[in-house]
Amino acid sequence: MAQEKVFPMTREGKEKLEQELEYLKTVKRKEVVERIKIARSFGDLSENSEYDSAKEEQAFVEGRVTTLENMIRNAKIIEGEADTSQVSLGRTVTFTELPDGDEETYTIVGSAEADPFEGKISNDSPIAKSLLGHKVDDEVTVQTPGGEMLVKIVKIS
């Protein structure tokens, strides 16, 4: 039997997924079923775009429910370790881009809760992969889609 993928995440990240799952099961499913019911009342289903749209949404919702259940079932909670000596999953890292000094701060999380707009990057991202295991004052070459950049780690928390 194939081994299931493990989804590393914070407690907050898991709670957020559980809330989304609850919403989909208790609210969204009912809304979609109601849309399907209304669309059926329009008659001929073969040329009924409202029905087709509602069925597509239903398929999306059910797919998302399955995905969330799998992620929650296989979640591995990232414990907040006291060791901030090196970059690791769950840590927030601040680095300065060399040579011009642009400072950036990211929290490295599992892919399930990555949100770059919130400053949370996936441990599978090129930046995180490059930084993992390094310490404050280390200079690290980061591979990005735009090419390489050299950064210096300023702070780990």
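Computation of the quantities below employed the complete heavy-atom set of this structure, encompassing side-chain atoms and omitting hydrogens, waters and symmetry-equivalent molecules.
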Between [Y] and [X], is there a side-chain heavy-atom distance shorter than 4.5 Å?
X    : Y    : result
R91  : I108 : no
L68  : L24  : yes
N74  : K5   : no
P8   : N123 : yes
V154 : V136 : no
F7   : N70  : yes
I153 : V140 : yes
T10  : I77  : no

**Message:** Between V93 and T105, is the side-chain contact (heavy atoms from CB on, under 4.5 Å) condition met? List the steps.
**Reply:** CA-CA 6 Å; V93 60; T105 301; over 6 Å; no
Between E20 and R64, is there a salt bridge with N-O shorter than 4.0 Å?
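Answer for the salt bridge query: yes.
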Lys/Arg N to Asp/Glu carboxylate O, K14 vs E113, below 4.0 Å
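A salt bridge is absent here (no side-chain N lies under 4.0 Å from a carboxylate O).
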How far does [atom1] of [X] sit from [atom2] of [Y], to the nearest 0.5 angstrom?
X    : Y    : atom1 : atom2 : result
E104 : F95  : CD    : CZ    : 4.5 Å
E69  : K25  : CD    : NZ    : 4.0 Å
E139 : L98  : CD    : CG    : 5.0 Å
F60  : K28  : CZ    : NZ    : 9.0 Å
D52  : E57  : CG    : CD    : 13.0 Å
L132 : S125 : CG    : OG    : 8.0 Å

Does Y106 share a hydrophobic cluster with L131, counting links as ILVMFWY side-chain heavy atoms below 4.5 Å and allowing steps through other members?
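Same cluster.
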Fill in: Candidate pair I72 and L21, rule side-chain contact (heavy atoms from CB on, under 4.5 Å), full reasoning
CA-CA 9 Å; I72 292 166; L21 179 62; 3.9 Å; yes
Looking at [X] and [Y], would you say the former's side chain and the latter's main chain have a donor-acceptor pair under 3.5 Å?
X    : Y    : answer
D137 : K152 : no
D138 : H134 : no
S53  : S49  : no

### Message
Looking only at the side chains, is there a donor atom on one of K55 and Q58 sitting less than 3.5 Å from an acceptor on the other?
### Response
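Side-chain D/A pair, K55 to Q58: present.
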I would like to know whether S111 and M9 meet side-chain contact (heavy atoms from CB on, under 4.5 Å); could you show each step before the answer?
-> CA-CA 8 Å; S111 59; M9 63 184 75; over 6 Å; no
